[in-house]
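The shown structure was predicted, so the numbers you read here are calculated from the model rather than taken from an experiment.
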Amino acid sequence: MPILAQLNDSVVVHRFKLEETTQLGRLPENDVCIDSLEVSGFHAVIERVDDSDYFIQDLGSTNKTFVNEQPIERVQLRHGDTVRIGWVVFKFIDERNPDFRKTSKIRKSWIPGVYYTK
């Protein structure tokens with residue numbers, strides 16, 4: 001089941017399982033409540049379509065919804081996409097994606113003490 005992972009400095013601080021419809025916003029009636037004044041009361045909604053595709057739609061918010069730092073009205077989410085609402089950043093993680101199960105290999109560079117992944 002796909003999840004929306006809330007990030008803080010690239011560290012996952014909270015995970016939200018996505019249902020058929022998941023509403024995001026500042027008011028407590030939302031499925032994902034974001035306590036930040038830059039977030040509209042009902043800011044965005046994520047909907048499952050055809051049992052496998054997830055779409056995010058901005059609900060006419062004041063500060064817009066961003067996917068991969070591009071303002072959107074409605075767009076399909078893909079594994080690894082970042083979603084920004086106000087200053088809060090989420091990552092869309094689709095566990096059905098084959099890349100999700102892969103582990104990156106750490107490689108040593110020619111520079112002492114510097115490592116990287118491919």
Side-chain angles (χ1 to χ4, degrees):
M1 168 177 266
I3 63 169
L4 200 61
Q6 184 179 347
L7 305 176
N8 187 1
D9 291 329
S10 300
V11 176
V12 175
V13 294
H14 203 284
R15 292 183 175 111
F16 301 95
K17 289 184 181 180
L18 297 178
E19 304 296 333
E20 190 167 324
T21 302
T22 303
Q23 190 150 321
L24 302 96
R26 189 168 25 93
L27 297 177
E29 295 85 13
N30 290 287
D31 301 306
V32 177
C33 185
I34 305 167
D35 187 19
S36 179
L37 291 176
E38 298 82 23
V39 177
S40 295
F42 297 103
H43 198 101
V45 65
I46 298 175
E47 297 174 311
R48 183 175 64 205
V49 178
D50 299 331
D51 291 330
S52 61
D53 296 329
Y54 284 81
F55 286 82
I56 186 166
Q57 179 176 344
D58 185 80
L59 297 176
S61 65
T62 303
N63 292 314
K64 300 186 181 176
T65 300
F66 294 82
V67 173
N68 300 325
E69 289 306 318
Q70 298 298 313
I72 59 102
E73 289 185 23
R74 180 178 161 87
V75 69
Q76 182 176 357
L77 291 172
R78 307 244 185 253
H79 175 72
D81 282 349
T82 59
V83 174
R84 184 169 61 81
I85 295 177
W87 299 117
V88 180
V89 177
F90 300 90
K91 187 169 192 172
F92 178 73
I93 300 172
D94 190 350
E95 298 163 342
R96 301 166 299 165
N97 186 301
D99 289 341
F100 178 75
R101 302 267 181 230
K102 275 170 79 175
T103 301
S104 296
K105 182 168 175 97
I106 298 173
R107 300 174 190 274
K108 186 176 181 180
S109 76
W110 61 274
I111 303 170
V114 175
Y115 297 86
Y116 65 97
T117 59
K118 236 182 185 181

Nearest 0.5 angstrom please: [X] [atom1] to [Y] [atom2], how far?
{"X": "I46", "Y": "T22", "atom1": "CD1", "atom2": "OG1", "answer": "6.0 Å"}
{"X": "D51", "Y": "E20", "atom1": "CG", "atom2": "CD", "answer": "8.0 Å"}
{"X": "K91", "Y": "L4", "atom1": "NZ", "atom2": "CG", "answer": "12.0 Å"}
{"X": "L77", "Y": "T82", "atom1": "CG", "atom2": "OG1", "answer": "10.0 Å"}
{"X": "L24", "Y": "S40", "atom1": "CG", "atom2": "OG", "answer": "12.0 Å"}

Looking at R74, I want to see if its CZ is surrounded by more than 12 non-hydrogen atoms of other residues, nucleotides or ligands under 6.0 Å.
yes
Inspect the surroundings of CD1 in I111 and state if more than 12 heavy atoms from other residues, nucleotides or ligands are less than 6.0 Å away.
yes
Let me check something: do [X] and [Y] share a hydrophobic cluster, defined by ILVMFWY side-chain heavy atoms less than 4.5 Å apart, either directly or through other members?
{"X": "V83", "Y": "I93", "answer": "no"}
{"X": "V12", "Y": "V88", "answer": "no"}
{"X": "F42", "Y": "V67", "answer": "no"}

Table please: side-chain donor-acceptor pairs of residues 53-64 below 3.5 Å, with sequence neighbours left out.
| unit_1 | atom_1 | unit_2 | atom_2 | d |
| --- | --- | --- | --- | --- |
| D53 | OD1 | Q76 | NE2 | 3.2 |
| D58 | OD1 | S61 | OG | 2.6 |
| D58 | OD1 | T65 | N | 3.1 |
| D58 | OD1 | T65 | OG1 | 2.6 |
| D58 | OD2 | G60 | N | 2.9 |
| D58 | OD2 | S61 | N | 3.0 |
| D58 | OD2 | S61 | OG | 3.3 |
| S61 | OG | H43 | NE2 | 3.2 |
| S61 | OG | K64 | N | 3.0 |
| N63 | ND2 | E38 | O | 2.9 |

Give the intermediate values and the outcome of side chain to side chain contact (heavy atoms under 4.5 Å, CB included) for residues V89 and Q6.
CA-CA 6 Å; V89 177; Q6 184 179 347; over 6 Å; no
G41 and N30: which non-hydrogen atoms are nearest, and at how many Å?
O-ND2, 2.8 Å
Minimum heavy-atom separation for R78 and F92, please, with both atom names.
O-CD2, 3.3 Å
Using modelled atom types only, decide if a donor and an acceptor are shared between the side chain of D31 and the backbone of Q23 within a distance under 3.5 Å.
yes
Going through the distances and angles, do I34 and R26 end up as a side chain to side chain contact (heavy atoms under 4.5 Å, CB included)?
CA-CA 5 Å; I34 305 167; R26 189 168 25 93; 5.8 Å; no
If you link ILVMFWY side chains whenever their heavy atoms are less than 4.5 Å apart, which other residues fall into the same cluster as F66? By chain and number, please.
none
Who pairs with E69 by side chain to side chain donor-acceptor pair (under 3.5 Å), at least two apart in sequence or on another chain?
R84
